[in-house]
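These notes are about the structure you will find just below.
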Amino acid sequence: MRDIANIDKLDRLPRLLNILAEHAGQLINNSSFGSARGLSGVTAQKYIAILERLFLIKTLAPWSNNRLSRLVKMAKLHFIDTGLLAALREDELARLSDDKTRSGVLVREARVVFALQNERYG
């Protein structure tokens, strides 16, 4: 909790969360996330770590049979709460019906959360 209380530039955190919502399921690039809101890559990485500790998002490392490939490749960002994701993306039923790409993101994120729950609780 101490990390949350000591956040620099707290006003930029909600805007960063909106940017992260638009990049759900994609590779994490802290520099581009931060620069879009006037934050350094290190600060964006710190904010993402805090959001992960709050169980709002989850970063998943890539899987490969080659250990070196797993270490080199970038992780992907996923939202734990698909309702929050839909709200941040301003997805409404009519918009989702018309744009299957937007609804596909929500379905994919829900599948990731389901897989994580099954892995954890069997």
Side-chain angles (χ1 to χ4, degrees):
M1 286 297 163
R2 187 179 309 190
D3 289 341
I4 298 166
N6 291 328
I7 292 178
D8 299 331
K9 302 177 184 176
L10 182 61
D11 60 318
R12 295 185 183 163
L13 185 60
R15 290 184 243 152
L16 177 63
L17 198 56
N18 285 325
I19 291 170
L20 296 177
E22 292 299 329
H23 291 88
Q26 297 179 20
L27 297 175
I28 297 173
N29 186 338
N30 294 320
S31 297
S32 68
F33 294 157
S35 65
R37 284 296 162 207
L39 299 170
S40 70
V42 173
T43 303
Q45 184 176 14
K46 177 181 167 185
Y47 285 7
I48 289 171
I50 291 169
L51 293 170
E52 194 164 9
R53 283 190 218 117
L54 291 171
F55 301 103
L56 295 176
I57 62 172
K58 175 76 176 163
T59 57
L60 289 178
W63 175 250
S64 172
N65 289 331
N66 183 332
R67 187 171 184 274
L68 181 60
S69 292
R70 284 194 306 255
L71 295 173
V72 172
K73 292 183 179 179
M74 290 191 286
K76 288 188 177 183
L77 176 112
H78 297 282
F79 272 74
I80 301 298
D81 185 343
T82 54
L84 173 63
L85 176 60
L88 289 169
R89 292 166 47 101
E90 298 178 0
D91 287 336
E92 296 176 357
L93 187 57
R95 186 176 184 188
L96 292 173
S97 298
D98 294 338
D99 187 351
K100 300 301 181 197
T101 304
R102 289 192 78 81
S103 62
V105 170
L106 293 175
V107 170
R108 181 188 60 227
E109 293 299 296
R111 290 181 65 198
V112 168
V113 170
F114 182 73
L116 289 171
Q117 289 172 343
N118 279 342
E119 177 186 322
R120 185 172 201 169
Y121 300 112

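The model shown is predicted, which means the values in this text are computed figures rather than measured ones.
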- Task: Compare all side-chain heavy atoms of K46 with those of I50 and state whether any distance is below 4.5 angstrom.
- Result: yes
- Which pairs with one or both residues in residues 100-114 pass salt bridge (charged side-chain N to carboxylate O under 4.0 Å, His left out), sequence neighbours excluded? E22-R102, D91-R102
- Output the distance between atom NE2 (H23) and atom NE2 (H78), rounded to the nearest 0.5 Å. 14.0 Å
- Between I80 and V113 the two heavy atoms that sit nearest each other are O-CG2, 3.3 Å
- Message: For residues L84 and L54: do they belong to one hydrophobic cluster (side chain heavy atoms under 4.5 Å, members Ile, Leu, Val, Met, Phe, Trp, Tyr)?
- Response: yes
- Item | Pairs where residues 94-120 contributes a residue and the test ring-ring contact (aromatic ring centres under 6.0 Å, His included) is met, not counting sequence neighbours | none
- Side chain proximity check, R89 to V105, heavy atoms < 4.5 angstrom: yes
- Item | Beyond-backbone contact of L17 with F79, side-chain heavy atoms, under 4.5 angstrom | yes
- Minimal non-hydrogen separation, L85 against A21, with atom names: CD1-O, 3.5 Å
- Query: Below 4.5 Å, heavy atoms only, C-beta onward: do K58 and E52 meet side chain to side chain?
  - Reply: yes
- Query: If Ile, Leu, Val, Met, Phe, Trp and Tyr residues are connected whenever their side-chain heavy atoms lie under 4.5 Å apart, and connections chain through other members, are L16 and L77 in the same group?
  - Reply: yes
- Distance, nearest 0.5 Å, that separates CG of L96 from OG1 of T101: 11.0 Å
- Query: According to a 4.5 Å side-chain heavy-atom criterion applied to Ile, Leu, Val, Met, Phe, Trp and Tyr, with indirect links allowed, do L51 and L60 form part of one hydrophobic cluster?
  - Reply: no
- Item | Interatomic spacing from CD1 in I57 to CD1 in I28 - rounded to 0.5 Å | 7.0 Å
